[in-house]
Amino acid sequence: MSTAVAEPEVKAPSEPMFSKKTLKLITDPFNDNNPITVQVLGICSALAITVQVKQAIVMGLSVMVVTAASNLILSLIRNYVPNRIRIIVQLVIVAALVILVDQTLKAFVYDVSKALSVFVGLIITNCIVMGRIEAFALANKPWPSFVDGIGNGAGYGAILVAVAVIRELFGSGKLLGFQVIPDAVYAAGYVNNGLMILPPMALITVGCIIWIQRSKNTKLIEKH
Amino acid sequence: MALDINSNKYTFGFSAVMVVVVAVLLAVASESLKPMQNANVKREKMQNILSSVGVKATAGEAEALYAELITGSVVIGHDGQVISEPKNEAFNIDVLAQYKDKAKQDGDKEFPLFICEKDGKTSYIIPMVGTGLWGPIWGYMAIASDGKTVEGVSFDHKSETPGLGAEINQGWFQAPFVGKTIFTDAGEFAPIKAVKGGAADDDMHGVDAISGGTITSNGLSAMIENTLKIYTTYLKGIQAPAVEELAPMAVDSLAVDSLAIDTVNVKVIQ
């Protein structure tokens, strides 16, 4: 993805909506600063709910909504939050948002909500959410904070979906619940890899993704 | 701004306002989404009832299939007799409360039973609730028109151990129930038990328990026994509509009667 889309010639008194800096907030979490593969946050939920693509998409969207909305809200009130109860305020707002997301899922996608079970509730403890609020939203204006939340949520969701595609394809021969591997292949002796359904394979898949990403993007490799 | 945002007063004020705002927001959201959530729960219950007779319905088609296949329902009192004018509709009865709610008088208890007509065969679906290792377990058992052969079961659980007790909602565990009977040839009540170490091949009243899931298996056996014994009178009525109640049942109802008398006596003394 190129960041050249930004238009520096726009003569606005304030920064343009999608300046180079703001766009970088969206593209960074996909590569240089991915919450899962680079910051290694939110691994627990990534292992648990990537058996099916549908669950991964819903989970990714839920996290995106929570990070974006909590970043936005906390950035809006950042100058009015008493410093001593800062963390409590963050927790209350994140928890409220997560409950809202959970209730909405229960009302509209009941089966997915059942499959995600406790993991929606555990978004509260997802380090990505609190991490972005502390590190970014409390020190930045609402719009960049919102974009940062979207970017990090999407970066998290992208890895989730990538892992889920691999696991659902090889674990059950389906994608989004539709049979992808034709019956003829099964007739020829192909068997679904049962190991793919189990959480350890998610860890190994994430590991492979990290490996591929680092071999392409050498500046991520730590020098010891 | 003269306002000191780090003063105690401001901190208390801020938290108070925040709590009220968040509480109101969540209350409004919860109330406005409740009807849709309840509809989902209702559809899931229909799916569970249908799956006990081997019909796998998606959430979308559950209501139509339920209306088509479940042709009737009966409500049974604690003494095993059919209640002709139940206080609640069978589907809406909170089965868990009938067994667990200590405040409920025996006379107020109502136990639902669903009648299914599928491919010209009638089966009687009995809802069950019980306790596993970590939390509640529940399910439905479909009894064939002979009043004693199991046609199918569906069990589920809230939080049993994955891979062990949680397996009760899997097909491999539920399939062996089909064809077992809940009465001996002599007509005695013999609920199906999950047998530790595996049930004998010719055991008509036992299935294999789950290794490593002993407490869940025992809880399941207890659930089946406790639930079915309430329905024995009704099921016997199906088996032999003309025959009088058998001796063991008479003893049972006597026991219940004397219990009832005891509670009356206690009240009089009080």
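In what follows, every heavy atom counts, from backbone to side chain, and hydrogens, waters and symmetry copies are set aside. All figures in this text were calculated on a predicted structure; none of them were measured in a lab. Chain naming here is simple, since letters A, B, ... match the order of the sequence lines and numbering starts at 1 in each.
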Using a 4.5 angstrom heavy-atom cutoff, name the option from Arg43(B), Met36(B), Gln37(B) with the most pairs to chain A.
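Of the candidates given, the most pairs with chain A belong to Gln37(B).
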So which part of Asp111(A) gets closer than 4.5 Å to some heavy atom of chain B, the side chain, the backbone, both or neither?
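No part of it gets close to chain B.
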Taking atom types as modelled, is there a side-chain donor on Thr216(B) or Glu160(B) under 3.5 Å from an acceptor on the other?
yes
Centroid separation Phe155(B) to Phe177(B) less than 6.0 Å
yes
Taking the six-membered ring for Trp and the full ring for Phe, Tyr or His, determine whether the centres of Tyr10(B) and Tyr80(A) are under 6.0 Å apart.
no
How many angstroms lie between atom CG of Leu220(B) and atom CD1 of Ile168(B), to the nearest 0.5 angstrom?
5.5 Å
Do any of residues 128-136 of chain A have a heavy atom less than 4.5 Å from a heavy atom of chain B, and if so, which, in residue order?
none
Lys/Arg N to Asp/Glu carboxylate O, Lys114(A) vs Glu44(B), below 4.0 Å
yes
Please name all residues satisfying ring-ring contact (aromatic ring centres under 6.0 Å, His included) with Phe111(B), sequence neighbours left out, ordered by chain then number.
Tyr99(B)
Does Lys196(B) use its side chain to pair, donor to acceptor, with the backbone of Ala209(B) at less than 3.5 Å?
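Here the side-chain-to-backbone pair does not exist.
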